[in-house]
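Lettering follows sequence order; numbering is per chain, from 1.
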Amino acid sequence: MSAIQKIKGFADMFGEDSRAFTRMESVARDIFTRYGFGEVRIPVLERTELFAKGIGEDTDVVGKEMYTFTDRGDRSLTLRPEATAGVLRACIEAGAVEPGKPSRLFAFGPMFRYERPQKGRMRQFHQIDAELLGSPEPQADVEVILMLRDYLEELGIGDLSFELNSLGCRECRPHYRAALTAYFESLDEEKLCEDCRRRMKTNPLRVLDCKVPGCKAMVEKAPAIADHLCAGCRDHFSAVLSLVSRAGLAYTLNPRLVRGLDYYQRTTFEVTSGAIGAQTAVAGGGRYDGLVQQLGGPDAPGVGFACGMERLALLMEKQEAPRPDFFLAVTDTREKSGAVDAAILLGHKLRLRGLSGECDYEPGSMKSRLRRAGKLNVKKCYIIGPEEFDAGKVTVKDMEEGGQLSLDIAAFD
RNA sequence: GUGAAUGUAGCUCAGUUGGCAGAGUACCAGGUUGUGGCCCUGGGGGCCAAGGGUUCAAGUCCCUUCAUUCACCCCA
């Protein structure tokens with residue numbers, strides 16, 4: 001019988017990979033806590049309508065990438081493709097969203113999208129997500145962005161670019177959208193690629209983001225969102241930009257930064273790296289005023305971001321394995337001498353003293369046991385051979401210095 | 001969903017015009033009958049992704065399937 005393999009786009013993580021994730025989580029807890037954010041843990045599975053309503057029916061995520069199925073009670077459920085909708089649902093349900101009283105939350109966990117895997121893209125991937133609910137102020141946007149910057153810096157990831165844009169609000173975006181549609185319609189439609197002709201109907205803003213050279217050229221002369229923002233959005237965005245600059249963050253304005261989820265309003269941002277393959281986005285986020293209400297909650301605004309952990313891992317330095325304090329070697333190979341039992345009991349006492357290490361179950365030659373200790377890169381090797389065992393002693397060898405001494409096992413009680 | 005590349009030892013990979021299945025590394029043992037790392041010697045390890053076809057003969061050529069990877073699309 002052949003062994004069962006993991007499913008496409010899902011990954012097992014051992015050793016170094018696993019340590020990288022542990023570090024991302026602990027640094028996030030540290031930095032986010034400094035900003036007053038608290039951790040929430042929410043389910044991975046939600047009712048399908050939460051995402052359909054929250055993310056937008058026309059988006060690729062909802063349209064073709066969700067893991068959706070019917071459970072035994074005939075409910076349509078979906079493995080979350082992103083974090084925000086679930087966090088908001090939880091907060092609304094708990095009565096934890098109050099306009100004017102900001103709540104600050106973060107969460108880690110797996111997300112699921114049914115896509116073709118490639119470098120930096122998995123069907124199960126992990127995000128670090130942060131949400132600041134209840135404040136419409138530009139200062140809230142800025143704190144969220146700064147927190148993200150601090151976090152990435154603490155992880156030691158450099159060479160990233162921060163891109164910012166404003167997508168306008170429910171007042172001004174329709175006007176811009178109309179202007180954009182009018183512009184593209186005034187052109188020879190043949191010049192746009194096939195995808196963009198489709199995007200014209202579903203979401204014309206996304207044409208701005210097209211990478212086909214022909215489309216790029218047309219986009220150059222297209223109306224810019226900045227010129228169509230209403231006074232409120234213009235003021236908001238300039239307040240964000242000025243405060244971000246004063247905080248010393250270098251950013252680039254990207255008027256073509258559109259995001260894949262429909263709920264974004266006003267400020268949007270993306271952090272990208274050129275060093276991780278074709279999928280360059282490492283983190284992305286923005287403001288989503290109106291979403292809470294749309295999901296059945298109070299009229300509370302919000303800002304947040306999500307960070308792709310697999311992509312961050314591609315940029316992080318190797319995480320060295322921690323070095324164990326001891327290896328407890330048994331070189332007494334006599335039948336049933338009891339030396340292994342003695343080793344287990346001594347190992348237990350060492351751990352009660354705070355030391356880390358492992359014990360031998362299979363006695364062997366001095367050479368093989370010391371090789372093992374060297375392999376494990378331990379600081380000290382505790383040796384119980386026939387002579388030690390009969391005398392109630394243990395030999396402790398310093399694996400760096402090479403020196404050793406003999407101690408009474410009873411002295412560890 | 002589309003395209004391309006790749007599947008040989010635990011891992012990284014060689015394998016010529018079709019002719020006995022290989023290396024490095026890892027693992028185990030030995031090189032001082034109680035002392036690791038470096039070095040030397042030896043050893044265990046393989047349905048050559050799966051199935052079919054061509055051939056005296058297939059890891060190698062042909063077909064099908066599966067898997068992986070990269071890219072498109074889109075996004076974290």
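- Using a 4.0 Å heavy-atom cutoff across all strands shown, A:Glu310 reaches no nucleic acid atom at all.
- Atom CE of A:Met399 and atom P of B:U35 are 13 Å apart (whole Å).
- Atoms CZ (A:Phe326) and C1' (B:G36) sit 18 Å apart, rounded to a whole Å.
- Between the side chain of A:Gln5 and the base of B:C66, no donor-acceptor pair under 3.5 Å is found.
- When rounded to the nearest whole Å, the span between CD1 of A:Ile384 and P of B:G34 equals 17 Å.
- A donor-acceptor pair under 3.5 Å is absent between the side-chain atoms of A:Arg41 and the main chain of A:Ala107, judged by distance alone.
- Here A:Arg369 lies out of heavy-atom contact (under 4.0 Å) with every strand.
- Comparing B:G36, B:A76, B:C27 by their closest approach to the side chain of A:Lys397 singles out B:G36.
- Paired runs in RNA chain B that reach 3 or more consecutive Watson-Crick or G-U pairs, where each pair keeps both distances under 3.5 Å, cover B:1-7 with B:66-72, B:10-13 with B:22-25, B:27-31 with B:39-43, B:49-53 with B:61-65.
- Looking at heavy-atom distances under 4.0 Å, A:Glu388 makes contact with a base.
- Following rounding to the nearest Å, A:Glu362 (CD) and B:C27 (P) show an atom-to-atom distance of 18 Å.
- In this structure, A:Arg121 and A:Lys8 both approach RNA chain B, and ranking their closest nucleotides by distance from the 5' end singles out A:Lys8.
- In the interface, the side chain of A:Arg371 is not paired with the base of B:C28 through any donor and acceptor atom under 3.5 Å apart.
- For the pair A:Glu65 CD and B:C73 P, the interatomic distance rounds to 13 Å; values are reported in whole Å.
- In this structure, A:Gln118 reaches the B:A71 phosphate: one of its side-chain N or O atoms is under 4.0 Å from OP1 or OP2.
- Remark on RNA chain B: of its neighbouring residues A:Thr331 and A:Asp60, the 5'-side contact belongs to A:Thr331, judged by nearest-heavy-atom nucleotide.
- The interatomic distance linking A:Lys119 (NZ) with B:A5 (C1') rounds to 16 Å, in whole Å.
- Contact of A:Lys367 with B:G37 (side chain to base): no donor-acceptor pair of N or O atoms is detected under 3.5 Å.
- Nearest nucleotide to the A:Glu115 side chain, out of B:G3, B:A76, B:G36: B:A76.
- Taking atom CZ of residue A:Phe125 and atom P of nucleotide B:A76, one finds them 7 Å apart after rounding to whole Å.
- As judged by a 4.0 angstrom heavy-atom cut-off over every strand, A:Ile383 is placed among the base-contacting residues.
- Remark: C1' of B:U68 and CE of A:Met122 are 11 Å apart, rounded to the nearest angstrom.
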